[in-house]
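Keep in mind that this is a model prediction, so the values were computed, not measured.
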Amino acid sequence: PTQMSVKQLQSMGIWPDILVCRSDYPIDEKMKEKIGLFCNVKKEHVLQNLDAPSLYEVPIMMEEEHLAQAVCECLNLPCPEPNLEDWKKMLEDLHHPTSSVTIALVGKYVALHDAYLSVAEALKHGGIANRAQVNIRWIDAEELTPENLEEYLHDVDGILVPGGFGQRGTEGKILAIGYARRNKIPYLGLCLGMQLAIVEFARNVLGYSDAHSSEFNPNSFHQVIHIMPNQHDVTDLGGTLRLGSYPCVLAKDSKSYQLYGTEYIHERHRHRYEFNNLYRPQFEASD
């Protein structure tokens, strides 16, 4: 298969200088010599890429195979000894956590975990930075009811509601958000998760029982989340979400300011709906 792959490349005018061979068992010197001979690559440039216990092990494994040295040699560049101490410490923290947390991820695509892959990886990275093992509890928002909230969420250390489109599952997400608020469980809402936190607060703290997003209930009297003015006349929804960087001024007495440590930040958005500033005084006045 390796020889056939190289032949295909050569037929397109691409002559590889290095072969990195994926394998679930070690490739001995005799096999490397054979592969190099049949593929017209130096034996020293036939490198093994073995199965790894973690994706983050691969850079270290490739360094042990002298990939950087081979690349620099092909490019006639010097190859100083790399400083990998920070990376090795990250691996040490990854494989030897000193604590663990359980985070409930409440969404409607949880049957396919890859739908939230970036969120799951971000949680893992946060765990590594704090030397904590992050256990994700995948919860289908459509399954949540007032009666079973305690069963699903009573022992979690944090609740996260990610982004999404469509009304399905929104009420279950709002239930989870309310549970987090009442029980003082750390909560993170991403995109739609943030918007629904606004809806939950408006309903259950400000007393606007019909509060909603105009995306889901255009007949709501209290549309605390509404469509952006420049999106009103957009009829072709494909690829027309607002994009770009937005300068944001953080209130110095806010948690956001405490987390960022600065008053001015830039946020990158991709959305069509936003907080309705007509309700800003009511939200700011409420504890």
Considering residues at least two apart in sequence or located in another chain, which fulfil the salt bridge (Lys or Arg N to Asp or Glu O under 4.0 Å) criterion with Arg22?
-> Asp51
Quick one: list whatever passes side chain to side chain donor-acceptor pair (under 3.5 Å) with Thr145, sequence neighbours left out.
-> Glu147, Asn148
Residues which pass salt bridge (Lys or Arg N to Asp or Glu O under 4.0 Å) with Glu63, listed by chain and number, not counting sequence neighbours | none
After noting the C-alpha distance and the side-chain angles of Lys42 and Glu73, does the key distance pass the salt bridge (Lys or Arg N to Asp or Glu O under 4.0 Å) rule?
-> CA-CA 12 Å; Lys42 291 171 60 175; Glu73 181 181 315; 2.6 Å; yes
Sequence neighbours left out, what passes side chain to side chain contact (heavy atoms under 4.5 Å, CB included) with Cys248? Give chain and number order.
-> Tyr246, Leu250, Ile265, Glu267
When Leu192, Leu196, Ile198, Leu190 are each screened for side-chain contact (heavy atoms from CB on, under 4.5 Å) with Met194, the one that passes is Ile198
Glu171 and Arg203 ion-paired at < 4.0 Å = yes
Residue pairs meeting ring-ring contact (aromatic ring centres under 6.0 Å, His included), one or both in residues 178-213, sequence neighbours left out, come to Phe201-Phe283, Tyr208-His222, Tyr208-Tyr279, His212-Phe216
Verdict with reasoning, Val224 to Ser213, per side chain to side chain contact (heavy atoms under 4.5 Å, CB included) = CA-CA 6 Å; Val224 291; Ser213 165; over 6 Å; no
For residues 99-115, please give each side-chain donor-acceptor pair under 3.5 Å, one per line with the distance, not counting sequence neighbours.
residue: Lys108; atom: NZ; partner: Phe165; partner atom: O; Å: 2.2
residue: His113; atom: NE2; partner: Val110; partner atom: O; Å: 3.3

Salt bridge (Lys or Arg N to Asp or Glu O under 4.0 Å) involving Lys89 - partner list, sequence neighbours excluded = Asp93
Set of residues satisfying side chain to side chain donor-acceptor pair (under 3.5 Å) with respect to Asn217, sequence neighbours excluded = none
Salt bridge (Lys or Arg N to Asp or Glu O under 4.0 Å) filter on Glu65, not counting sequence neighbours, yields Lys32
With sequence neighbours left out, the residues meeting ring pair (Phe, Tyr, Trp, His ring centres under 6.0 Å) with His95 are none
Ionic contact status for Arg280 with Glu284, cut-off 4.0 Å = yes
Consider only side-chain heavy atoms of I, L, V, M, F, W and Y, link residues closer than 4.5 Å, and tell whether Leu149 and Val156 are in one cluster.
-> yes
Qualifying residues under side chain to side chain donor-acceptor pair (under 3.5 Å), relative to Asp155, sequence neighbours excluded = Arg137
Sorted by chain and residue number, the side chain to side chain donor-acceptor pair (under 3.5 Å) partners of Glu200 (sequence neighbours excluded) come out as Arg181, Asn204
For Gln48 and Ser23, indicate whether the former's side chain and the latter's backbone hold a donor-acceptor pair under 3.5 Å.
-> no
